[in-house]
Amino acid sequence: MPEPAPRRVGRSAHRRHRMAGLLAMGALWSLATLAQAPLSEPDEASAPQPPGPAEIAPLDGEEWNRFAMAIDTLRMCVEDTRAGRAPAQTVATLQALGLTEQIRGQALLLLPADDPARAAVEAAADDAQAIMRSFQAMSAWQPVRPLDQALALAYVYHFEAQATQGDCLPTQDFVSNYEKALTR
């Protein structure tokens, strides 16, 4: 009768690594789903009106339009490159670039103080968890104000574009209006 195979060492580390990868995929998948969610076509009476100055401050109307176009341009590039990298690769690249604290900090800046996801972002035990939980929190956030909606999308695409290692670069309109909008 053959002897049973020896137990592998490091199995729990393998499970943690696998779980981190699965969590990263789930976070990025939810972001992709959020970004690709089809919009229903409103009837003429309920057609959305352009946001007013108070809803897009500190941006003015021209900056708002340029920012929206820049977000969409970056979104298309990022989504076109997603097939070429696994979510775990994205997280690993963002870690390697040293962006964990910026990712976490901007998520905490954007999320409302009473948002329950803030606690998960703050309690992340390591860099990979901080990145994944920040992306999950931002994808679950459902802001009402148009500027906050734009910032949530801009946040995702801004950081995910950095994981493309130069394939997707934000325009100057994106960068300047993103930074200005963060001062809201």
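Closest heavy-atom contact between Leu74 and Tyr157: CD2-O, 3.7 Å. Of all heavy-atom pairs spanning Cys168 and Thr81, the tightest one is SG-CG2, 3.9 Å. Across all non-hydrogen atoms, the minimal contact from Leu147 to Pro58 is CD2-CD, 3.8 Å. The two residues Ile71 and Ala150 make their nearest non-hydrogen contact at CD1-O, 3.6 Å. In plain terms, the two heavy atoms of Asp148 and Pro143 that are nearest each other are CB-CB, 3.4 Å. Across every non-hydrogen atom of Ala137 and Leu111, the tightest pair is CB-CD1, 3.7 Å.
Note that the CD atom of Glu160 and the CG atom of Leu94 stand 8.5 Å from one another [nearest 0.5 Å]. In this structure, the separation between CD on Glu101 and CD1 on Ile131 is 9.5 Å, given to the nearest 0.5 Å. Considering CE of Met138 and CD1 of Ile103, their distance stands at 11.5 Å, rounded to 0.5 Å. Distance OG/Ser176 to CD/Glu63: 7.5 Å, rounded to 0.5 Å. The CG atom of Asp60 lies 7.0 Å from the CZ atom of Arg66; values are rounded to the nearest 0.5 Å. Taking CD from Gln162 and CG from Leu97, the interatomic distance works out to 7.0 Å, rounded to the nearest 0.5 Å.
Contact check for Cys77 versus Leu169: no side-chain heavy atoms found under the 4.5 Å cut-off. For the pair Pro51 and Trp64, the minimum side-chain heavy-atom distance is below 4.5 Å. The side-chain heavy atoms of Leu182 and Leu151, taken from C-beta on, include a pair separated by under 4.5 Å.
Remark: side-chain polar atoms of Arg133 are not paired, donor with acceptor, to backbone N or O of Ala119 under 3.5 angstrom. A donor-acceptor contact shorter than 3.5 Å is absent between the side chain of Glu55 and the backbone of Arg145. The closest donor-acceptor contact from the side chain of Arg118 to the backbone of Leu108 lies under 3.5 Å.
By the 30° and 60° cut-offs, the orientation of the rings of His158 relative to Phe174 is parallel.
Arg104 and Thr100 share no side-chain donor-acceptor pair at under 3.5 Å.
Clustering ILVMFWY residues whenever any of their side-chain heavy atoms sit less than 4.5 angstrom apart, transitively, puts Val175 in the very cluster that holds Leu109.
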Give the intermediate values and the outcome of side chain to side chain contact (heavy atoms under 4.5 Å, CB included) for residues Phe159 and Gln106.
CA-CA 10 Å; Phe159 287 114; Gln106 285 186 19; 3.5 Å; yes
